[in-house]
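These values consider heavy atoms only, across backbone and side chains, with no hydrogens, waters or symmetry-generated copies. We're numbering straight along the sequence, starting at 1.
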Amino acid sequence: MDELQQQIVSFLDTYRRKDVAGVLALCDPETILVMGTDASEVCTSPQSVQRLLELDFQLWDRAEWGEFHHFFSYRAGEIATTFFDIPFTTRTADQSRITLVRFAMIWRSTSNGWRVVQSLNTVPTVGQGAADILGQSAQEPGS
């Protein structure tokens with residue numbers, strides 16, 4: 001696992017532990033943009049990201065991340081992009097829920113390691129792709 005992948009794991013673990021200050025420390029405070037799963041969740045400052053985290057962390061008592069799926073990354077100089085899906089299991093006193101989360105993240109290499117510049121988080125649907133809606137196969141022609 002390279003340094004960027006280690007930083008992603010650290011970021012996710014910090015989030016799972018509900019560590020607001022820790023998550024913010026892994027973000028670039030001057031250029032941060034976080035877009036959450038709801039249309040209203042557009043954060044362009046450390047203060048708005050902090051508020052989003054505080055709200056998120058009220059949704060569960062304990063949480064764990066699963067294994068990465070569809071992990072892609074690209075680097076050019078001090079900028080890197082990462083795209084991946086990862087299951088997130090949350091538990092409360094009366095329920096357990098597994099949600100697949102899709103991340104699209106832009107990172108910048110700094111003297112303190114990789115920092116999140118932008119992050120888009122979505123919850124992908126199942127069975128609602130164009131091929132499903134049209135009743136067609138999702139495979140490419142000739143495959």
Discussion item. We want to know whether Glu54 and Gln50 form a side-chain donor-acceptor pair, criterion being a heavy-atom distance below 3.5 angstrom.
Written reply: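 A pair is found: one side chain offers a donor N or O, the other an acceptor, under 3.5 Å apart.
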
Among the clusters formed by ILVMFWY side chains lying less than 4.5 Å apart, do [X] and [Y] turn up in the same one?
{"X": "Val101", "Y": "Met35", "answer": "no"}
{"X": "Phe84", "Y": "Leu120", "answer": "no"}
{"X": "Val23", "Y": "Leu33", "answer": "no"}
{"X": "Val34", "Y": "Phe103", "answer": "yes"}
{"X": "Trp107", "Y": "Phe71", "answer": "yes"}

How long is the span from the [atom1] atom in [X] to the [atom2] atom in [Y], to the nearest 0.5 Å?
{"X": "Met105", "Y": "Ser73", "atom1": "CE", "atom2": "OG", "answer": "12.5 Å"}
{"X": "Arg62", "Y": "Arg16", "atom1": "CZ", "atom2": "CZ", "answer": "10.5 Å"}
{"X": "Gln118", "Y": "Thr44", "atom1": "CD", "atom2": "OG1", "answer": "11.0 Å"}
{"X": "Ile106", "Y": "Thr31", "atom1": "CD1", "atom2": "OG1", "answer": "9.5 Å"}

Can you tell me if [X] has over 12 outside heavy atoms packed within less than 6.0 Å of its [atom1]?
{"X": "Ile98", "atom1": "CD1", "result": "no"}
{"X": "Arg17", "atom1": "CZ", "result": "yes"}
{"X": "Glu67", "atom1": "CD", "result": "no"}
{"X": "Arg75", "atom1": "CZ", "result": "yes"}

Exercise: identify the closest heavy-atom pair between [X] and [Y]:
{"X": "Asp56", "Y": "Tyr15", "result": "OD2-OH, 2.7 Å"}
{"X": "Ile32", "Y": "Ser45", "result": "CG2-C, 3.8 Å"}
{"X": "Trp114", "Y": "Ala80", "result": "CZ3-CB, 3.6 Å"}
{"X": "Leu100", "Y": "Pro124", "result": "O-CD, 3.3 Å"}
{"X": "Val42", "Y": "Ala39", "result": "CG2-O, 3.8 Å"}
{"X": "Asp61", "Y": "Thr92", "result": "OD2-CA, 3.1 Å"}

How about [X] and [Y]: do any of their side-chain heavy atoms sit closer than 4.5 Å?
{"X": "Phe68", "Y": "Ile8", "value": "yes"}
{"X": "Leu24", "Y": "Val49", "value": "yes"}
{"X": "Thr90", "Y": "Leu59", "value": "no"}
{"X": "Phe88", "Y": "Val123", "value": "no"}

Tell me if a side-chain donor or acceptor on [X] pairs with a main-chain N or O of [Y] at a distance below 3.5 Å.
{"X": "Arg115", "Y": "Ala25", "value": "yes"}
{"X": "Glu41", "Y": "Asp38", "value": "yes"}
{"X": "Lys18", "Y": "Trp60", "value": "yes"}
{"X": "Ser10", "Y": "Gln6", "value": "no"}

Worksheet item: Do Asp85 and Arg102 sit within salt-bridge range, that is, some charged N less than 4.0 Å from a carboxylate O?
Response: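 A salt bridge is present here (some side-chain N lies under 4.0 Å from a carboxylate O).
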
Practice prompt. Answer with yes or no after comparing the ring centroid distance for Phe72 and Phe83 against a 6.0 Å cut-off, counting only values under it.
Written response: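 When the ring centroids of Phe72 and Phe83 are compared, they turn out to be at least 6.0 Å apart.
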
Worksheet item: Thr110 and Asn112: side-chain hydrogen bond (donor to acceptor under 3.5 Å, both in side chains), yes or no, with the steps?
Response: CA-CA 5 Å; Thr110 70; Asn112 295 319; 4.8 Å; no

